[in-house]
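Note that the coordinates shown come from a computational prediction; the quantities given were computed from them, not determined experimentally.
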Amino acid sequence: MLQVSYIREHKEEIIKRLAIRNLDSKALIENVLTFDEERRQLQTKLDSAKAEMNTISKEIGNLFKSGEVEKANTLKSKTSELKETIKTLEEGLSEKAEGLKIELYKIPNVPNPLVPKGNSDEDNLETLREGEIPTLHKDALPHWELAKKYDLIDFELGNKITGAGFPVYKGKGARLQRALIAYFLDKNTSAGYTEYQLPHLVNEASGFGTGQLPDKEGQMYHVTGDNLYLIPTAEVPGTNIFRDVILNENELPIGVTGYTPCFRREAGSYGAHVRGLNRLHQFDKVEIIRVEHPSKSYEALDGMVGHVQNILKELKLPYRILRLCGGDLTFASALTYDFEVFSAAQERWLEVSSVSNFETFQSNRLKLRFKNGEGKNQLAHTLNGSALALPRILASILENYQTEDGINVPDILIPYTGFDKID
RNA sequence: GGAGAAAUGGCAGAGUGGUCGAAUGCACUGGUCUUGAAAACCAGCGAGGGUCACACCUCCGGGGGUUCGAAUCCCUCUUUCUCCGCCA
């Protein structure tokens, strides 16, 4: 959520930069400013009405104390009108405040100047491509066939137990999952991130904190009996660690990493592109989250990109980095880099990580601040990224590392799997 | 799940209807003193709104109510603690 004060002071610039997202925000911005203006006017009126009430109340107290009951009662009868005024003003104020909030919720983050113009993923800017795309043997299979052939993942069993999109990993498939999680966590902690084990269900307040609520409610599984939500990403519990927190400047930066399963309803997505591990209702992901000083957040973003890059290099997977265009940028992000790995048998690039700087967009909602050098509370910047999401990494390992007589395990993972070949 | 107790500033902890945004201690910041540090002493020290700046308004777990007036009384929700039950 953008700060109203920022909108007030940078109106034209914001409108101009939101156009990068193909968003004509003029009316929206005007609306916000109108609500804000009206809200402040009512606030001022309400404040002075309350001040008057406070004065009278004090006076009444004093009159009672000095035994002037008559006078006190006269004064008392005067308050009813004032009370009515206050009530009306309060109602008007909360209406305006609510209206302001609703409008603010509609405005996405202002893109960083680096964000290219564009409408869809086709306009994303490829900034780097690295790694060798393997030449597969003639009978090479896509990962869902490989999973079946080597008995690594049982999709049908998942259908039986739960439903589509809840695969069952078994044997070496399960072990490979565990190996990847352990490897990712090790990489992240040695880069300075503190490992957390976080709840997989969150309350409403957390949903609002990271912006899944109120708009994206339909994307999460909702446990209605207890009004809790299954997390769609560790970003939700991980970032809400810092909800309503005021840090000391010297505590920055903070790095958090955690493995969680992620639950997404993904309503309405079916078809060839969601086969196998490509899109699931439940999947595993290791996330990295940073809280940064505003002056350092872009440096930190580059650092995170380098970190993810390093992991993909170690796994020897062919990958590319994309700087997302305005049309593909997520609502809360100011700048996002996507990582895609080439899945040789499907002959497709698969998104495996998304690294973003949210600047103050999340922290404004979260009320995540730090005490700056002047002793003032200032919103911190938040960033996060996947390091990494498992299913498509697994898919591309299976596909890219397949040979005629089995699937090789990437060298870096062998200490974690305890085997070097799936056959 | 049942019974009881509680929730106040970074922490501890006073405060049961008016002068309380809130005593006191600790922590923290600045100063005096000191070669330096410690101690001692002095001062400052929660958050949000509002204002050019003041004034002013709001916040004592969340929400609602009673009252001229609520940290204090009532209702409700949440959380914590103790006991019982259940349990990996």
Side-chain angles (χ1 to χ4, degrees), chain A residues 1-9 32-101 103-104 197-209 213-214 222-229 237 240-252 254 291 360 362-380:
Chain A
M1 182 166 64
L2 295 178
Q3 296 164 87
V4 186
S5 56
Y6 182 76
I7 297 177
R8 235 185 273 156
E9 285 156 28
V32 162
L33 292 177
T34 307
F35 269 120
D36 177 50
E37 183 63 34
E38 290 172 343
R39 199 210 95 236
R40 280 186 297 155
Q41 275 175 16
L42 284 173
Q43 181 83 63
T44 307
K45 280 186 194 160
L46 177 64
D47 284 358
S48 50
K50 279 188 167 172
E52 198 180 339
M53 187 64 130
N54 287 343
T55 312
I56 292 174
S57 293
K58 244 174 225 174
E59 226 170 291
I60 290 172
N62 288 332
L63 288 170
F64 271 123
K65 217 171 261 176
S66 59
E68 297 170 82
V69 182
E70 277 297 302
K71 271 191 179 175
N73 282 329
T74 315
L75 210 48
K76 242 196 217 184
S77 59
K78 275 192 190 170
T79 58
S80 59
E81 197 184 329
L82 195 52
K83 239 185 168 175
E84 206 51 44
T85 311
I86 288 174
K87 206 181 160 193
T88 312
L89 286 170
E90 270 175 344
E91 279 164 7
L93 180 67
S94 63
E95 200 178 293
K96 296 297 174 195
E98 190 59 28
L100 176 63
K101 209 167 71 181
E103 292 305 300
L104 275 177
Q197 282 205 355
L198 295 158
H200 302 168
L201 278 79
V202 293
N203 57 26
E204 266 188 331
S206 293
F208 274 98
L213 298 175
H222 188 188
V223 182
T224 52
D226 296 284
N227 198 26
L228 296 172
Y229 294 86
N240 273 283
I241 293 171
F242 305 101
R243 172 154 46 89
D244 294 318
V245 165
I246 301 175
L247 298 160
N248 287 318
E249 193 166 15
N250 61 21
E251 292 177 83
L252 298 173
I254 296 175
V291 181
T360 60
Q362 283 186 327
S363 58
N364 187 35
R365 265 207 196 191
L366 291 164
K367 301 272 171 289
L368 163 55
R369 292 159 291 175
F370 68 96
K371 211 166 267 300
N372 67 20
E374 294 163 4
K376 292 225 170 101
N377 293 332
Q378 188 182 343
L379 292 173

* Look at A:Arg369 and B:G48 and indicate whether a side-chain polar atom (N or O) is within less than 4.0 Å of OP1 or OP2. => yes

* In whole Å, what is the span from the CD atom of A:Gln378 to the P atom of B:G48? -> 12 Å

* Asked: Just checking A:Lys371: base, sugar-phosphate only, or nothing, at a heavy-atom cut-off of under 4.0 Å?
  -> sugar-phosphate

* **Interatomic distance where CG belongs to A:Leu100 and P belongs to B:G49 [whole Å]** => 12 Å

* Asked: Given that both distances must come in under 3.5 Å, which nucleotide forms a Watson-Crick or G-U wobble pair with B:C60?
  -> none

* Under 4.0 angstrom between A:Arg8 side-chain N/O and B:G50 OP1 or OP2 -> yes

* Asked: When rounded to the nearest Å, what value does the distance between C1' atoms of B:C56 and B:A3 take?
  -> 48 Å

* Of A:Ala51 and A:Asp36, whose nearest nucleotide on RNA chain B comes first from the 5' end? -> A:Asp36

* To do: Using the C1' atoms only, state how far B:C20 lies from B:C59, rounded to an integer number of Å.
  => 13 Å

* Close side-chain approach of A:Glu9 to A:Gln3, heavy-atom, < 4.5 Å -> no

* To do: Could you let me know what B:C81 is paired to, Watson-Crick or G-U wobble, both distances under 3.5 Å, or none if it's on its own?
  => B:G4

* Asked: Across all strands, who's sitting opposite B:G30 as a Watson-Crick or G-U wobble pair, both distances under 3.5 Å?
  -> B:C42

* Asked: If the P atom of B:A7 is compared with that of B:A12, how far apart are they to the nearest Å?
  -> 12 Å

* Asked: Rounding to the closest angstrom, what is the interatomic distance between B:C28 and B:C11 at atom P?
  -> 15 Å

* **Same-atom distance (P) from B:U16 to B:G10, integer angstrom** => 23 Å

* Nearest-angstrom distance from the residue atom NZ of A:Lys101 to C1' of B:G49 -> 15 Å

* Structure fact -> Answer for the Watson-Crick or wobble partner of B:A71, both distances under 3.5 Å, is none

* To do: Using both distances under 3.5 Å as the test, list the Watson-Crick or G-U wobble partner of B:U35, or none.
  => none

* Asked: With side chains defined as the heavy atoms from C-beta onward, is the minimum distance between A:Leu46 and A:Ile86 less than 4.5 Å?
  -> yes

* Structure fact -> Under a 3.5 Å limit on both distances, the Watson-Crick or wobble mate of B:C11 is B:G25

* **Whole-Å distance separating the CD atom of A:Glu251 from the C1' atom of B:G10** => 11 Å

* To do: Measure from CG on A:Leu228 to P on B:U78 and round the result to the nearest Å.
  => 11 Å

* To do: May I have the step-by-step check of side-chain hydrogen bond (donor to acceptor under 3.5 Å, both in side chains) for A:Asn54 and A:Ser57, ending in yes or no?
  => CA-CA 5 Å; A:Asn54 287 343; A:Ser57 293; 5.5 Å; no

* **N/O (side chain, A:Asn54) to phosphate O (OP1/OP2, B:C57) under 4.0 Å** => yes

* Asked: Among B:G50, B:C57, B:A47, which is the nearest nucleotide to the side chain of A:Asp47?
  -> B:C57

* Asked: Hey, is the main chain of A:Leu75 close enough, under 3.5 Å, to the side chain of A:Thr79 for a donor-acceptor pair?
  -> no

* To do: Could you list the residues that satisfy side-chain hydrogen bond (donor to acceptor under 3.5 Å, both in side chains) with A:Glu251, not counting sequence neighbours?
  => none

For nucleotides 60-68 of chain B, print each protein N/O atom paired with a nucleotide N/O atom at under 3.5 Å, atom names and distance only.
unit_1	atom_1	unit_2	atom_2	d
B:C68	O2'	A:Ser57	OG	3.0

* **Heavy-atom check, side chain of A:Ile246 versus side chain of A:Phe370, under 4.5 Å** => no

* **Pairing partner (Watson-Crick or G-U wobble, both distances under 3.5 angstrom) of B:U51** => none

* Partner of A:Lys96 by side chain to side chain donor-acceptor pair (under 3.5 Å), out of A:Glu38, A:Glu91, A:Gln43 -> A:Glu38

* Whole-angstrom distance between B:G61 and B:A6, as gauged at atom P -> 14 Å

* How many Å lie between CG on A:Asn377 and P on B:G49, as a whole number? -> 10 Å

* Under 4.0 angstrom, heavy atoms only, what part of the nucleic acid is A:Asn73 near: base, sugar-phosphate, or nothing? -> nothing

* Asked: Can you find a pair of side-chain heavy atoms, one from A:Val291 and one from A:Leu252, that are under 4.5 Å apart?
  -> yes

* When the C1' atoms of B:C52 and B:A47 are considered, how many whole Å apart are they? -> 23 Å

* To do: Please report, rounded to the nearest Å, how far the P atom of B:G48 is from the CG atom of A:Asp244.
  => 11 Å

* A:Arg39 bridged to A:Asp36 by N-O distance under 4.0 Å -> yes

* For nucleotides B:C42 and B:G46, find the distance between their C1' atoms and express it as a whole number of Å. => 23 Å

* With a non-hydrogen cut-off below 4.0 angstrom, is A:Asn62 in contact with a base, only sugar-phosphate, or nothing? -> nothing

* Quickly work out the A:Asn248 CG to B:C28 C1' distance and round it to whole Å. => 9 Å

* Student check: side-chain heavy atoms of A:Val202 and A:Leu228 closer than 4.5 Å -> no

